[in-house]
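Data first, discussion second: the structure below is written as structure tokens.
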Amino acid sequence: MGSSSSVQFCGIPNGKGPHTVGCTDLMSDHTIQGTFLRLFYPCSNSGEYEDAVWIPKKQYYLGLADTLKLNRTVVNFIFSHYFGSVKCPARLNAPFKPGEKYPLIIFSHGLGAFRTLYSSICIGLASQGFVVASVEHRDESASATYYLKEKSPSEPCEENCNELEEVWLYNKRPKPGADEFPLRFEQVQTRADECLRALDLMLDINAGKPVTNATQSNFDWLLLKDSLDVKSIAAVGHSFGAATAIKALGRDSRFRCGIALDAWMFPLREEIFSAINQPVLFVNSEKFQWVENVLLMKKMDSTRVERKMITIKGTVHQSFPDFTFLTGNLVGKIFKLKGEIDPYIGMDIIINVTLAFLQRHLGLQKDFNQWDSLIEGEGEFVIPGTNLYLPLQKPENVK
């Protein structure tokens with residue numbers, strides 16, 4: 001992996017758009033029913049604000065250890081040493097930059113991840129003028145997450161102490177030998193609910209309603225009033241998060257389109273597909289997908305609305321989260337965190353094709369159409385559709 005300084009040097013990339021990016025955490029309602037997200041947004045350049053710590057609490061290391069089925073003590077030591085000082089290039093709690101109507105993205109993380117592990121994608125989009133709400137799911141699909149509860153009266157609390165304490169939830173696996181589908185189906189319902197609550201919350205903030213934030217940051221939420229383009233909202237997610245985004249599209253027409261990054265379609269029942277009337281872009285890695293999964297994506301093919309699929313050559317499933325930037329080639333290949341493609345080139349393609357699709361279907365007046373060819377699978381590192389051989393089938397909605 002190299003030294004911790006080399007990890008930082010080869011770190012999470014800066015956004016390439018015209019906006020400086022800020023981020024802040026929001027836990028509205030401290031209970032498990034509340035919404036927990038990290039917001040990435042165009043920010044003011046004024047003031048001195050440090051970049052956000054990438055993994056903010058050590059309990060996330062423990063959750064990652066459980067997810068990887070590794071010893072907690074060992075993983076905590078290694079991760080603390082190599083990643084404990086890693087920051088992402090977003091200014092923590094920097095003032096929001098008003099003056100424009102920004103489109104809104106609700107982002108859903110994958111199985112075993114949490115709200116900060118896709119900072120590169122979120123920062124890249126925010127730098128181009130999007131507000132991105134990265135939801136942390138509390139359905140026990142995150143490697144770790146938490147909520148707050150009131151301390152019991154029997155617990156001593158000195159003057160000015162916090163009367164709330166953290167309650168941590170870790171990744172829940174199906175029991176050995178059990179059918180996995182019921183658990184994942186239930187989780188994707190909960191995840192979609194959480195995305196819709198996050199959308200409601202962001203629109204309340206846009207309307208100027210007061211915000212209760214249990215994270216006790218000093219961020220001024222009033223600056224977001226009337227700053228969101230409420231007609232330009234998209235759902236984006238990776239893996240389980242892609243299935244979540246698809247589920248959310250079928251639940252709420254306020255989402256104008258969706259982008260499914262290396263989708264894991266297993267948690268979805270096919271009947272949801274007929275309820276989805278929005279455009280969808282599937283962006284797949286070369287190494288993760290398999291025939292049955294891609295055939296489920298193809299069941300969403302339509303002649304009424306644009307449904308596109310591309311595959312990025314040389315990528316793996318972990319080319320989408322941030323770990324791909326923070327390990328050396330040897331470790332990255334062993335743990336399948338890196339593919340054959342330069343991770344920075346891969347991330348540019350992921351962000352650029354996303355921007356092009358969002359411009360096309362959110363009606364944005366930007367220059368993101370310069371990457372329209374990527375949507376068609378045209379370019380050195382992309383192909384249209386899939387690299388897998390598929391049996392012939394009739395597209396859905398073709399009469």
Side-chain angles (χ1 to χ4, degrees), residues 23-39 52-77 79-80 83-84 92-93 106-119 133-175 182-202 211-219 221 240-241 244:
C23 70
T24 191
D25 289 324
L26 173 57
M27 186 184 291
S28 75
D29 180 357
H30 64 270
T31 71
I32 196 171
Q33 285 77 33
T35 295
F36 191 20
L37 58 84
R38 174 161 285 190
L39 195 73
V53 174
W54 179 49
I55 298 181
K57 292 178 181 286
K58 71 174 184 178
Q59 287 87 344
Y60 290 107
Y61 300 145
L62 306 183
L64 288 168
D66 293 349
T67 301
L68 297 169
K69 300 180 181 179
L70 299 173
N71 181 275
R72 278 187 164 196
T73 302
V74 173
V75 169
N76 182 47
F77 174 79
F79 278 33
S80 296
F83 303 127
L92 184 63
N93 296 325
I106 304 297
F107 188 92
S108 175
H109 65 72
L111 181 65
F114 43 90
R115 71 189 186 283
T116 70
L117 289 192
Y118 297 86
S119 293
S134 179
V135 178
E136 186 158 292
H137 293 294
R138 289 163 162 170
D139 61 330
E140 297 180 283
S141 67
S143 59
T145 187
Y146 69 100
Y147 63 95
L148 302 174
K149 73 170 186 178
E150 296 179 1
K151 292 180 179 178
S152 65
S154 61
E155 297 181 64
C157 188
E158 298 178 1
E159 189 176 353
N160 297 324
C161 80
N162 194 339
E163 295 182 354
L164 300 175
E165 62 181 357
E166 296 174 356
V167 179
W168 282 85
L169 304 171
Y170 294 99
N171 188 8
K172 181 179 181 180
R173 293 195 191 92
K175 295 178 180 178
L183 171 63
R184 303 310 182 196
F185 182 74
E186 179 182 2
Q187 286 177 326
V188 82
Q189 317 302 315
T190 303
R191 285 167 145 261
D193 288 342
E194 291 172 327
C195 288
L196 300 190
R197 289 203 299 268
L199 174 55
D200 290 338
L201 175 62
M202 292 306 302
V211 176
T212 300
N213 188 1
T215 67
Q216 299 178 332
S217 75
N218 58 359
F219 183 74
W221 291 96
F240 202 173
T244 305

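Quick caveat, the model's predicted, so the values are computed rather than measured.
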Between [atom1] of [X] and [atom2] of [Y], what distance do you get to the nearest 0.5 Å?
X      : Y      : atom1 : atom2 : value
Glu186 : Asp139 : CD    : CG    : 9.0 Å
Glu194 : Glu136 : CD    : CD    : 9.5 Å
Thr244 : Arg191 : OG1   : CZ    : 4.0 Å
Lys175 : Lys172 : NZ    : NZ    : 8.0 Å
Asn76  : Asn71  : CG    : CG    : 10.0 Å
Thr215 : Arg38  : OG1   : CZ    : 9.5 Å

Could you check Leu64 against Asn171 for side chain to side chain contact (heavy atoms under 4.5 Å, CB included), going step by step and ending with a plain yes or no? CA-CA 9 Å; Leu64 288 168; Asn171 188 8; over 6 Å; no
Check for me whether Arg72 meets the cation-pi criterion with Tyr170, that is, NZ or CZ under 6.0 Å from the six-membered ring centre and within 45 degrees of the ring axis. yes
Keeping Ser119 on the side-chain end and Thr116 on the backbone end, is there a donor-acceptor pair under 3.5 Å? yes
Keeping the roles fixed (side chain from Asn213, backbone from Met27), state whether a donor-acceptor pair exists under 3.5 Å. yes
If you take all heavy atoms of [X] and [Y], which pair is closest and at what distance?
X      : Y      : result
Phe240 : Gln187 : CE1-OE1, 3.5 Å
Thr212 : Leu26  : O-CD1, 4.2 Å
Ser143 : Thr67  : CB-OG1, 3.3 Å
Ala198 : Val135 : CB-CG2, 3.7 Å
Ala65  : Val75  : CB-CB, 3.6 Å

Indicate yes or no: does Glu166 engage Lys57 in a salt bridge with an N to O separation below 4.0 Å. yes
Lys/Arg N to Asp/Glu carboxylate O, Asp25 vs Arg115, below 4.0 Å: yes
Which is it for His137 and Ser108 under the side-chain hydrogen bond (donor to acceptor under 3.5 Å, both in side chains) test, yes or no, and what are the steps along the way? CA-CA 8 Å; His137 293 294; Ser108 175; 2.8 Å; yes
Around Phe185, counting heavy atoms of other residues, nucleotides and ligands shown, do more than 12 lie under 6.0 Å from its CZ? yes
Would Phe36 and Tyr147 count as a close aromatic pair, with their ring centres under 6.0 Å? no
Centroid-centroid distance, Phe83 to Tyr61, less than 6.0 Å: no
Got [X] and [Y] here, is their nearest side-chain heavy-atom distance under 4.5 Å?
X      : Y      : answer
Tyr118 : His109 : yes
Lys58  : Phe79  : no
Pro174 : Leu183 : yes

Please assess Ser28 against Val211 for the test side chain to side chain contact (heavy atoms under 4.5 Å, CB included), listing each intermediate value before the final yes or no. CA-CA 7 Å; Ser28 75; Val211 176; 5.7 Å; no
Side chain to side chain contact (heavy atoms under 4.5 Å, CB included), that's the test. Do Leu148 and Thr31 meet it? Break it down for me. CA-CA 6 Å; Leu148 302 174; Thr31 71; over 6 Å; no
Can you sort out the partners of Tyr60 under ring-ring contact (aromatic ring centres under 6.0 Å, His included), two or more places apart, ordered by chain and number? Phe114, Trp168
Should Leu39 and Trp221 be marked as a side chain to side chain contact (heavy atoms under 4.5 Å, CB included) after you check the CA-CA gap, both sets of side-chain angles, and the distance that decides it? CA-CA 11 Å; Leu39 195 73; Trp221 291 96; 3.7 Å; yes
